[in-house]
Protein chains: 2
Amino acid sequence: MVDTPRPPATLADVAERAGVSRQTVSNAINNPALLRPDTLARVQEAIEQLDYTPNQAARHLRTRSSHLVGLRLGPAQEFTANMAMDRFVHALVEASREAGYHILLFSGGRVAEGELPDPLGGYDDLLRSTAVDAFVVTDTYLGNPQTVGLAQRRAPFVAFGRPWDDTAASHPWVDVDGAAGVEAATEHLRAQGHERIAWLGWQPGSRIGEDRRAGWHRSMATHALSTTGLEAAVSDTVDAGREAAATLLDTSGPTAFVCASDTLAVGVLHALAQRGQKPGADVGVVGFDDSQVAQVMGLTSVRQPLEEVAVHLVAALRALLAPGRPASDGVLLQPSLRIRASSVR
Amino acid sequence: MVDTPRPPATLADVAERAGVSRQTVSNAINNPALLRPDTLARVQEAIEQLDYTPNQAARHLRTRSSHLVGLRLGPAQEFTANMAMDRFVHALVEASREAGYHILLFSGGRVAEGELPDPLGGYDDLLRSTAVDAFVVTDTYLGNPQTVGLAQRRAPFVAFGRPWDDTAASHPWVDVDGAAGVEAATEHLRAQGHERIAWLGWQPGSRIGEDRRAGWHRSMATHALSTTGLEAAVSDTVDAGREAAATLLDTSGPTAFVCASDTLAVGVLHALAQRGQKPGADVGVVGFDDSQVAQVMGLTSVRQPLEEVAVHLVAALRALLAPGRPASDGVLLQPSLRIRASSVR
DNA sequence: ATGAAAGCGCTAACAG
DNA sequence: CTGTTAGCGCTTTCAT
């Protein structure tokens with residue numbers, strides 16, 4: 001009753017069945033145009049009948065290409081980055097599939113208390129063991145030791161995130177224009193009649209944070225609105241956001257908040273609830289990331305086009321791995337604003 | 001100035017450098033006990049100097065084991081499942097790493113409007129092409145066509161999720177005792193003095209949903225509390241949860257809600273906000289999944305031990321792929337209750 | 001304890 | 001257009 005799990009068919013099996021040589025079968029798969037139509041048909045029929053699928057390992061060994069792309073899941077990813085990571089991974093898997101690639105997840109390894117994570121942890125082995133063809137690097141917000149390190153090792157990779165201050169960088173990258181997103185958010189609040197629009201951002205040192213703040217500043221300048229006393233820089237937690245919002249409300253009476261993250265925006269919502277003020281009607285609030293939290297709480301938020309990011313990353317990957325390496329380049333995509341109750345009067 | 005990217009060292013390179021045969025180097029890596037200490041040391045030194053890492057493709061071809069485990073990311077994952085997926089994937093990657101496995105993500109493929117997704121979409125090719133050694137199957141909540149299908153194909157896999165009604169199932173699985181989690185949640189609300197505790201669940205047809213509901217029912221029975229008029233079954237959205245909660249509050253005056261998901265619990269919070277009632281102080285609310293949303297909104301929630309689930313899954317995987325296949329078995333883990341403001345008076 | 005030979009399944013290069 | 005030859009880097013016999 002037990003149908004013995006026969007070993008999968010090989011090229012040789014197909015060749016024999018179709019009455020051709022192994023090479024011809026190989027061509028039928030990788031270069032069908034080279035075959036005469038009738039031969040091709042015969043081979044394809046044999047493939048069908050034997051339910052043949054090429055052995056990846058053998059192909060990989062021969063062609064030195066695994067069609068695998070490595071993606072490192074950070075050691076206990078930063079909360080903020082985490083909020084959108086899920087969507088990004090989905091998008092990347094989908095985009096890769098269409099290009100014939102699979103995503104290989106790996107971990108940076110556990111980081112001991114008080115130790116800095118090895119920025120290249122895990123990359124090296126995967127690369128040298130020829131387990132992956134290339135990497136997608138996402139955590140460029142840490143500064144960019146990994147892009148530099150990978151470049152030194154001549155590892156093929158594409159980055160989600162600009163090479164901010166590394167002018168020597170010469171790898172392909174895709175990023176989202178955070179400043180433009182925040183600017184649109186600020187414009188939106190202005191259009192709702194707000195003039196005292198506060199910025200709730202992160203502590204200095206994050207290029208991403210500085211970029212987003214710039215969008216607020218630009219918009220305020222455009223409308224000749226004062227920004228003095230209207231900003232705070234805190235760590236990316238709900239509590240920090242709540243406290244900072246409360247202080248700002250007490251000291252300089254903003255009527256709206258633009259935040260560097262949904263997390264901070266939720267903090268603002270908490271502060272408003274504590275004082276019995278209604279988001280939207282009383283005080284406008286906009287977050288960043290369009291996380292599930294924003295969707296569920298009715299929080300207006302800047303949404304990164306992660307699906308598009310993924311498609312561009314995969315396109316860059318293909319170009320990178322194709323024979324004639326074209327010049328590296330960067331792509332900057334525009335986010336969109338998801339307007340919900342928290343910013344509408 | 002360009003340091004030519006020399007091809008990685010091979011076994012032969014190491015052998016030559018160490019003055020031994022290739023085979024001895026192979027043994028040094030896979031079976032060090034076979035070597036004389038001094039030979040071993042010499043080989044290891046050569047490995048070090050040449051920065052040698054075994055070529056995965058060659059090893060894979062030879063041993064027929066890729067050390068890759070496939071995980072399918074569902075086509076536009078159900079919202080609920082999604083909320084905890086991120087944490088699970090992290091946990092799985094981490095657990096796999098320690099066992100020398102990597103996670104290969106693949107997509108079920110896009111599902112056309114109105115079409116049912118192919119439950120085995122993507123699995124087959126990966127398996128026959130020897131790209132992965134095994135699978136982790138997560139979406140058993142769909143019923144379990146994939147476990148049945150995979151079993152038929154004799155594909156090695158372990159499941160996160162019980163084989164509910166498939167008594168013939170003989171694969172290893174790990175699951176979380178949802179009923180126990182909900183029971184604990186209900187007990188907690190009872191300890192807070194609540195007697196009219198409502199259940200807000202999903203529409204029938206989901207074994208997971210029925211299981212969770214059973215926990216509520218059991219707890220209510222234990223305390224001889226009536227459940228009549230105290231339950232609603234809706235689809236898993238915030239709006240549906242809000243409406244159902246409002247109706248229940250109007251018709252049968254519950255003082256607390258236990259919900260099948262955080263999504264529904266958020267709906268309850270919305271309903272309370274609309275009537276000016278305070279979660280915790282006025283009406284107790286407990287969700288399920290301990291998602292970011294719960295953490296950020298101060299929602300008490302049942303938390304699945306996903307890290308532990310991952311560890312058990314990987315252990316099962318190792319046993320499955322090891323020579324002497326031990327009998328399959330299941331593991332049922334206990335969730336814990338994360339108590340926050342929404343359930344405390 | 002070490003070495004020699006064979007071959008996993010495939011494709012690149014060349015020959016016919 | 002099709003077939004032959006060779007070899008990717010490794011591990012598994014089987015000798016020594």
Side-chain angles (χ1 to χ4, degrees), chain A residues 6-44 46-47 50-68 100 125-131 133 323, chain B residues 6-44 46-47 50-67 100 125-133 323:
Chain A
R6 277 198 299 88
T10 73
L11 256 194
D13 298 332
V14 177
E16 191 185 10
R17 173 135 200 156
V20 296
S21 77
R22 282 159 39 207
Q23 186 48 31
T24 302
V25 179
S26 177
N27 283 337
I29 293 165
N30 303 310
N31 241 325
L34 292 184
L35 297 210
R36 225 185 329 171
D38 59 313
T39 320
L40 181 58
R42 223 167 60 248
V43 173
Q44 283 174 335
I47 288 177
L50 294 173
D51 201 22
Y52 169 73
T53 310
N55 181 311
Q56 284 305 324
R59 181 177 267 182
H60 177 179
L61 177 59
R62 189 64 239 232
T63 63
R64 335 204 116 258
S65 155
S66 62
H67 281 230
L68 252 36
D125 287 342
L126 277 176
L127 191 68
R128 283 215 319 282
S129 69
T130 69
D133 291 349
Chain B
R6 278 197 300 88
T10 73
L11 211 50
D13 299 331
V14 177
E16 190 184 10
R17 172 137 200 153
V20 297
S21 76
R22 285 163 33 210
Q23 184 44 31
T24 303
V25 180
S26 178
N27 282 336
I29 293 166
N30 303 312
N31 241 326
L34 292 183
L35 298 210
R36 225 184 324 162
D38 60 312
T39 319
L40 182 57
R42 223 166 62 247
V43 174
Q44 281 174 335
I47 288 177
L50 293 173
D51 201 23
Y52 169 74
T53 310
N55 181 311
Q56 284 305 323
R59 181 177 265 183
H60 177 180
L61 176 59
R62 190 63 236 233
T63 63
R64 337 207 114 256
S65 155
S66 63
H67 282 230
D125 288 342
L126 277 177
L127 192 68
R128 283 216 318 282
S129 68
T130 71
V132 301
D133 291 348

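Hydrogens, waters and symmetry mates play no part in the numbers below; they use all other heavy atoms, side chains included. Below, chains carry the letters A, B, ... as their sequence lines are ordered, and counting in each starts from 1.
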| query | Which letter, B, S or -, goes with each nucleotide of nucleotides 9-16 of chain D from 5' to 3', with contact meaning a protein heavy atom under 4.0 Å? | reply | BBBB----
| task | Check whether any side-chain N or O of B:Arg22 sits under 3.5 Å from a backbone N or O of B:Ala15 as a donor-acceptor pair, and report yes or no. | result | no
| request: Figure out the CD/C1' separation between A:Glu16 and C:dG9, and round it to whole Å. | output: 15 Å
| request: Report yes or no: do B:Asp125 and A:Thr53 form a side-chain donor-acceptor pair below 3.5 Å? | output: no
| remark: Separation between CG (A:Asp13) and CG (A:Asp51), nearest 0.5 Å, reads 12.0 Å
| said: Rounding to an integer number of Å, can you tell me how far B:Asp13 CG sits from D:dC8 P? | reply: 11 Å
| message | What is the separation between atom NE2 on A:His67 and atom P on C:dC10, rounded to the nearest whole Å? | response | 15 Å
| task | Please report the shortest heavy-atom distance between A:Gly19 and A:Arg42, naming the atom on each side. | result | O-NH2, 4.0 Å
| query | Should B:Asn55 and B:Arg59 count as side-chain neighbours, where that means a heavy-atom distance under 4.5 Å? | reply | no
